[in-house]
Amino acid sequence: MSANPFANAMAQLRDAARVIDLDPRLVTALQTPQRILAVGIPVRMDDGSMKVFSGYRVQHNDARGPFKGGIRYHQQTNLNEVKALAFWMTIKCAVVGIPYGGGKGGVTVNPKELSMGELERLSRGWVQAMYRHLGPWQDVPAPDVYTTPQIMAWMTDEYSKLSGQWTPAAFTGKPIAVGGSAGREYATGQGGFYILEALLAKLKKSPRRMTVAVQGFGNVGYFTAKLLHDAGYKVVALSDSHGGILDLRKQGMDPEHVMATKRERGMIGGMYCVGTVCDAKNYRAITNDQLLALPVDILVPAALENAITEKNAGRVKAKLILEMANGAVTPEADIKLFRRKITVVPDILANAGGVTGSYFEWTQNLQGVHWTEKEVLSKLKPTMIRSFNEVWDMAAKHRVSLRQGAFILGIDRIAEAMKLRGRV
Ligand code: NAD
């Protein structure tokens, strides 16, 4: 088993390449990022000291359009992780048919230990270090784990200062007041929701009253849980990096309420509280490992990669996994789950609503217009449903998993662009 996300990503590539007998030159091209930027970012800390943080940008492939992908701030972020995430972005953008290549960025830092001022200086420092290789037609970053719309606002501002003109299309995931798009904040969760509904319709399963466990309670986990709850699914377990909460009665929790409690108390775990009154009888604290093994209908990993591995795949009881976090299911786990007839909706499809929302934001910025939330959703939904159907059909055609189906679909499109551009 490999904990290295890039090794896992390459195993997925080889799996799909084998099915379609992919030209080895294309395999090599997809194994090799076009550019890797690794920088030291000096940041003046509040106490007057200086710290240097390691920052990365991996520009994996831009055959279909500018590099596109988020920036992650995490203490465990390293080059292998960023390379994997960049590779998945290339495939993902092709799966949903938006005119982007793939890239990803990161900084090895625990952002919870930084003040707002330090976070701002680090974010501006990242842009200063990468500036020459960024831009609306070159590479367009966005938020990822522990990066926020505020961070995108600082980065856009820094880029605009360096370029001498306001350039909102250089970053996506910005606050609305500085060129953000309606709906972008929850687009990843909304896209996953559309995909899940399309899948359940295909499987002729009634979605209402299904039980769901969601791991991760940030942008993706929170909005996915909220949308599912609002649509009548029973969200019986939620977790964050500290642990989780289980609704013993299986009646379903309101994620909005849990978020309010988390804000007040700093963590989810333990009890379901209203004000100072906490219900310890019907709600129980659970670990993230326990959450993944709950007897629920749908499991939604929405935190980090390598959540479901060879070790714990045998304990998964859900019949359906909506992989909202990138790389949450390892290739070894995939094999076990496939054998056990557990359907995995792969990350490169399930969470592609985020980059699709980013594409809409970039499109609006380039045109200097602002679409309403209704307009955004009216474009997001058909994109997700069409992509789901294309992945489903591809998987059926080759008698492979949805992940392999999605890979084949994406690789076909990237290969066509690479051939047309004379790159292979
Ligand atoms: P986020 O920073 O908003 O939230 C991350 C959440 O995961 C937090 O609740 C955190 O407490 C939790 N977490 C961290 N470590 C954990 C652990 N070990 N166990 C359980 N929970 C843990 O990040 P996000 O934007 O929601 O990203 C989550 C995943 O979704 C990542 O894989 C990311 O790459 C992917 N993704 C994000 C977007 C987007 O638009 N933000 C789009 C596509 C994919």
Side-chain angles (χ1 to χ4, degrees), residues 3 5 9 68-77 81-82 84-89 91-93 95-96 102 104-106 109-112 141-152 171-174 180-181 183-192 195 213-226 237-245 255 258-259 262-263 266-269 286-292 299-309 312 322-329 346-361 380 384:
K68 183 86 192 85
I71 303 169
R72 177 172 294 193
Y73 284 1
H74 195 276
Q75 60 274 24
Q76 267 145 28
T77 287
E81 181 184 60
V82 182
L85 292 164
F87 165 78
W88 286 321
M89 286 307 299
I91 309 287
K92 187 183 305 179
C93 292
V95 167
V96 282
K104 203 86 181 190
V109 59
N110 180 353
K112 292 175 191 169
D144 190 73
V145 174
Y146 297 151
T147 47
T148 58
Q150 171 63 75
I151 290 176
M152 294 306 112
F171 289 83
T172 60
K174 303 177 294 295
S181 173
R184 172 61 186 94
E185 202 189 2
Y186 61 87
T188 312
Q190 185 73 61
I195 298 273
V214 182
Q215 183 199 37
F217 203 53
N219 174 290
V220 178
Y222 169 69
F223 283 112
T224 306
K226 179 177 157 32
L238 291 165
S239 74
D240 63 14
S241 57
H242 302 283
I245 179 172
V258 177
M259 182 55 95
K262 177 179 154 93
R263 285 211 179 102
M267 61 173 78
I268 289 184
I286 52 168
T287 64
N288 270 291
D289 276 348
Q290 288 170 327
L291 181 141
L292 297 171
L299 184 58
V300 185
L304 296 173
E305 52 270 19
N306 297 334
I308 303 173
T309 65
N312 62 5
L322 185 66
E323 191 189 20
M324 294 302 284
N326 288 306
V329 180
D347 48 5
I348 49 172
L349 174 66
N351 69 30
V355 72
T356 306
S358 277
Y359 167 56
F360 296 151
E361 181 175 334
L380 181 65
M384 299 311 294

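We number each residue from 1, following the sequence as shown. Bear in mind the structure is a predicted one, so any value in this text is a computation, not a measurement. Counting starts at 1 for both ligands and their atoms, in listed order.
Between S239 and the choices T287, D289, N288, the side-chain hydrogen bond (donor to acceptor under 3.5 Å, both in side chains) rule is met once, by N288.
Taking a cut-off of under 4.0 Å to the non-hydrogen atoms of D240, the atoms of ligand 1 that pass are 9 (O), 11 (O), 20 (C), 21 (N), 22 (C). Close approach of ligand 1 to M324 (heavy-atom distance below 4.0 Å) involves ligand atoms 30 (O), 35 (C).
Checking only distances, G218 does come within under 3.5 Å of ligand 1, N or O to N or O. Where the criterion is an N or O separation shorter than 3.5 Å, residue side chain and backbone included, S241 meets it with respect to ligand 1. Taking any N or O of D144, backbone or side chain, at least one lies under 3.5 Å from an N or O belonging to ligand 1. An N or O contact shorter than 3.5 Å is missing between L304 and ligand 1 by distance. At least one N/O-N/O distance between Y146 and ligand 1 falls below 3.5 Å. Below 3.5 Å of separation, one finds no N or O of H74 facing any N or O of ligand 1. Considering backbone and side-chain atoms together, K104 places no N or O closer than 3.5 Å to any N or O of ligand 1. By the 3.5 Å distance cut-off applied to N or O atoms, P143 is not counted among the residues near ligand 1. Note: an N/O pair closer than 3.5 Å links N219 and ligand 1 by distance alone.
Within the 4.5 Å cutoff, side-chain heavy atoms of N351 are placed close to those of K92. Residues F217 and P255 have side chains in contact (heavy-atom distance under 4.5 Å, counting atoms from C-beta outward). Here the side chains of N110 and H74 are not in contact, with every heavy-atom distance at 4.5 Å or above.
Residue-level proximity to ligand 1 for T188 is carried by the side chain, the only part with a heavy atom below 4.0 angstrom. Of all the heavy atoms of R72, the ones lying under 4.0 Å from any atom of ligand 1 belong exclusively to the side chain. Under 4.0 Å from ligand 1, heavy atoms of N351 appear from its side chain as well as its backbone. Contacts between A302 and ligand 1, counted as non-hydrogen atom pairs separated by less than 4.0 Å, involve the backbone only.
Heavy-atom separations between R184 and ligand 1 include at least one value shorter than 4.0 Å.
Atom-to-atom distance recorded for I348:CD1 and W88:CH2 is 10.0 Å, nearest 0.5 angstrom. Atom-to-atom distance recorded for N326:CG and L304:CG is 10.0 Å, nearest 0.5 angstrom. A distance of 13.0 Å separates CD in E323 from CD1 in I195, rounded to the nearest 0.5 Å. Between the CG atom of L85 and the CD1 atom of I71 there is a distance of 12.5 Å, given to the nearest 0.5 Å. Residue L238 holds its CG atom at 10.5 Å from OH of Y222, rounded to the nearest 0.5 Å.
Judged by distance alone, the side chains of R184 and S358 do bring a donor and an acceptor atom under 3.5 Å apart. Under 3.5 Å, the side chains of Y146 and K112 contain a donor-acceptor pair of N or O atoms. Using modelled atom types, one finds no donor on one side chain facing an acceptor on the other under 3.5 Å when comparing S181 with K174.
Shortest contact from atom 19 (N) of ligand 1 to any protein heavy atom: N288 ND2, 3.4 Å. In terms of protein heavy atoms, atom 9 (O) of ligand 1 is closest to F217 N, 2.9 Å. Closest to atom 26 (O) of ligand 1 among all protein heavy atoms lies V220 N, 2.8 Å. Counting only heavy atoms of the protein, atom 27 (O) of ligand 1 lies nearest to V145 CG2, 3.6 Å. In this structure, atom 31 (C) of ligand 1 lies nearest to the protein heavy atom A303 O, 3.2 Å. The protein heavy atom nearest to atom 32 (O) of ligand 1 is N326 N, 3.0 Å.
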When you look at E305 and R72, which way does the salt bridge (charged side-chain N to carboxylate O under 4.0 Å, His left out) test go after all the steps?
-> CA-CA 13 Å; E305 52 270 19; R72 177 172 294 193; 3.1 Å; yes
